[in-house]
Student: 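Below: one structure in structure tokens.
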Amino acid sequence: QVQLVESGGGLVQTGGSLRLSCLVSGHNLEYYSLSWFRQGRGNEREGVSCISSSDGSTWYADSVKGRFTISRDNAKNTVYLQMNSLQPEDTAVYYCAAEYGPCTVATMGAPSMDYWGQGISVTVSS
């Protein structure tokens with residue numbers, strides 16, 4: 001059983017930055033691609049970014065390209081999401097997710113994930 005625990009959320013002003021962390025336990029992280037999703041009030045859960053298990057390649061949603069950066073530290077069993085130039089529309093609950101094998105978030109979305117964190121709130125004030 002893989003467990004994921006997010007941290008680093010909170011309240012930030014427009015234009016500010018936050019770094020989310022997701023600590024993964026229960027399995028060898030190197031075989032899992034790791035993604036970040038978010039769900040704003042009244043919205044569906046959407047994929048934000050993914051980092052591959054195999055070669056560390058990354059994918060980003062168009063809405064966050066150039067502002068967010070995903071990274072992973074397999075030695076620490078942790079994946080990060082650095083969020084810069086935050087905007088009010090980035091306000092959401094952010095979820096960490098893991099899937100065995102390559103990133104499929106761009107084509108398959110949330111249903112393809114094997115494990116989820118509990119989510120953490122990010123609020124960007126205008």
Side-chain angles (χ1 to χ4, degrees):
Q1 184 73 14
V2 175
Q3 294 182 324
L4 303 95
V5 179
E6 301 96 339
S7 60
L11 175 65
V12 65
Q13 291 185 334
T14 296
S17 298
L18 283 175
R19 188 177 81 155
L20 303 182
S21 300
C22 176
L23 177 63
V24 185
S25 61
H27 210 284
N28 193 332
L29 191 61
E30 68 179 294
Y31 299 113
Y32 286 83
S33 293
L34 299 168
S35 295
W36 288 96
F37 286 74
R38 67 185 181 185
Q39 187 167 15
R41 185 173 299 180
N43 296 333
E44 293 185 354
R45 193 170 297 189
E46 62 172 350
V48 173
S49 184
C50 184
I51 187 164
S52 167
S53 58
S54 57
D55 58 5
S57 58
T58 58
W59 170 87
Y60 296 93
D62 288 342
S63 57
V64 306
K65 278 181 183 175
R67 301 188 297 123
F68 291 10
T69 303
I70 192 171
S71 61
R72 63 191 291 166
D73 186 337
N74 286 352
K76 294 183 178 180
N77 277 6
T78 301
V79 61
Y80 304 97
L81 186 68
Q82 178 67 43
M83 305 186 294
N84 298 329
S85 300
L86 283 162
Q87 302 298 314
E89 52 266 35
D90 295 315
T91 295
V93 176
Y94 283 72
Y95 297 88
C96 178
E99 61 179 318
Y100 188 84
C103 289
T104 63
V105 59
T107 54
M108 303 294 291
S112 64
M113 299 299 111
D114 296 312
Y115 301 99
W116 290 91
Q118 81 286 354
I120 192 162
S121 178
V122 171
T123 302
V124 185
S125 63
S126 57

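In this text the structure is predicted, and so the values were computed from the model without any measurement.
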Student: In chain order, what residues pass the ring pair (Phe, Tyr, Trp, His ring centres under 6.0 Å) check against Tyr31, with sequence neighbours excluded?
Tutor: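 Not a single residue meets the ring pair (Phe, Tyr, Trp, His ring centres under 6.0 Å) criterion with Tyr31.
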Student: Does atom CD of Glu44 have more than 12 heavy-atom neighbours from other groups under 6.0 Å away?
Tutor: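 At most 12 heavy atoms, drawn from other residues, nucleotides or ligands, come within 6.0 Å of this atom.
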Student: Where is the tightest heavy-atom contact between Cys103 and Ser33, given as atom of each residue plus distance?
Tutor: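 It is N-OG, 3.3 Å.
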Student: Distance-only check: which donor-acceptor pairs under 3.5 Å involve side-chain atoms of residues 9-17, not counting sequence neighbours?
Tutor:
| unit_1 | atom_1 | unit_2 | atom_2 | d |
| --- | --- | --- | --- | --- |
| Thr14 | OG1 | Ser125 | O | 2.7 |
| Ser17 | OG | Asn84 | OD1 | 2.9 |

Student: Can you list, by chain and residue number, the hydrophobic cluster partners of Tyr95 when the side-chain cut-off is 4.5 Å?
Tutor: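 Answer for Tyr95: Phe37, Trp59, Val93, Val105, Met113, Trp116.
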Student: Roughly how far apart are Cys50 SG and Glu99 CD, rounded to 0.5 Å?
Tutor: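 Separation between the atoms: 5.5 Å.
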Student: Can you tell me which residue pairs pass the salt bridge (Lys or Arg N to Asp or Glu O under 4.0 Å) test with a partner in residues 78-87, sequence neighbours excluded?
Tutor: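 Applying salt bridge (Lys or Arg N to Asp or Glu O under 4.0 Å) to every pair that reaches into residues 78-87, excluding sequence neighbours, yields nothing.
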Student: Where is the tightest heavy-atom contact between Val2 and Leu4, given as atom of each residue plus distance?
Tutor: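 Where Val2 meets Leu4 most closely, the heavy atoms are CG1-CD1, 4.1 Å.
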Student: Distance-only, no hydrogens or angles: does the Thr91 side chain make a donor-acceptor pair with backbone N or O of Val124 under 3.5 Å?
Tutor: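 Here the side-chain-to-backbone pair exists.
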Student: Enumerate the salt bridge (Lys or Arg N to Asp or Glu O under 4.0 Å) contacts for residues 67-86, please, sequence neighbours excluded, ordered by first and then second residue.
Tutor: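 Every pair satisfying salt bridge (Lys or Arg N to Asp or Glu O under 4.0 Å) with a residue in residues 67-86: Arg67-Asp90.
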Student: Quick test of your reading: applying salt bridge (Lys or Arg N to Asp or Glu O under 4.0 Å), list the pairs with at least one residue in residues 103-116, sequence neighbours left out, ordered by first then second residue.
Tutor: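 Sorted pair list comes back empty.
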Student: Partners of Asp55 by side chain to side chain contact (heavy atoms under 4.5 Å, CB included), sequence neighbours excluded?
Tutor: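 Only Ser52, Ser57 meet the side chain to side chain contact (heavy atoms under 4.5 Å, CB included) criterion with Asp55.
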Student: Indicate yes or no: at least one non-hydrogen side-chain atom of Val64 is less than 4.5 angstrom from one of Arg38.
Tutor: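 Yes, side chains in contact.
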Student: Under 3.5 Å, side chain of Gln3 to main-chain N/O of Gln1, donor-acceptor pair present?
Tutor: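 No: the side chain of Gln3 does not pair with the backbone of Gln1.
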Student: Does Ser121 have any side chain to side chain contact (heavy atoms under 4.5 Å, CB included) partners at least two apart in sequence or in another chain, and if so, which?
Tutor: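 If we apply the side chain to side chain contact (heavy atoms under 4.5 Å, CB included) test to Ser121, skipping adjacent residues, the hits are Thr123.
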Student: Measuring from atom CD of Glu6 to atom SG of Cys96, what distance do you get when rounded to the nearest 0.5 angstrom?
Tutor: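 Between atom CD of Glu6 and atom SG of Cys96 there are 5.5 Å.
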Student: Can you list everything that forms a side chain to side chain donor-acceptor pair (under 3.5 Å) with Gln39? Sequence neighbours excluded, please.
Tutor: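 In terms of side chain to side chain donor-acceptor pair (under 3.5 Å), with neighbours along the sequence ignored, Gln39 is linked to Arg45.
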Student: Could you grab the distance from atom CG of Leu81 to atom CG of Leu34, nearest 0.5 Å is fine?
Tutor: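 Reported to 0.5 Å precision, the distance equals 12.0 Å.
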Student: Sequence neighbours left out, what pairs pass ring pair (Phe, Tyr, Trp, His ring centres under 6.0 Å) with at least one residue falling in residues 62-94?
Tutor: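 Applying ring pair (Phe, Tyr, Trp, His ring centres under 6.0 Å) to every pair that reaches into residues 62-94, excluding sequence neighbours, yields nothing.
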Student: Just jot down the side chain to side chain contact (heavy atoms under 4.5 Å, CB included) partners of Val5, sequence neighbours excluded, or say none.
Tutor: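 By the side chain to side chain contact (heavy atoms under 4.5 Å, CB included) rule, Val5 matches Gln118.
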Student: Ignoring hydrogens and geometry, is there a side-chain-to-backbone donor-acceptor pair from Ser53 to Gly101 under 3.5 Å?
Tutor: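 A pair under 3.5 Å: yes.
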Student: Can you list the other members of the hydrophobic cluster that holds Leu23, where links are side-chain heavy atoms under 4.5 angstrom apart?
Tutor: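 Leu23 clusters with nothing; isolated.
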Student: In Å and rounded to the nearest 0.5 Å, what is the OH to OH distance from Tyr100 to Tyr115?
Tutor: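 It comes to 11.0 Å.
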Student: Let me confirm one number: the CD-CG distance from Gln82 to Leu18, rounded to the nearest 0.5 Å.
Tutor: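 If I round to the nearest 0.5 Å, the distance is 8.5 Å.
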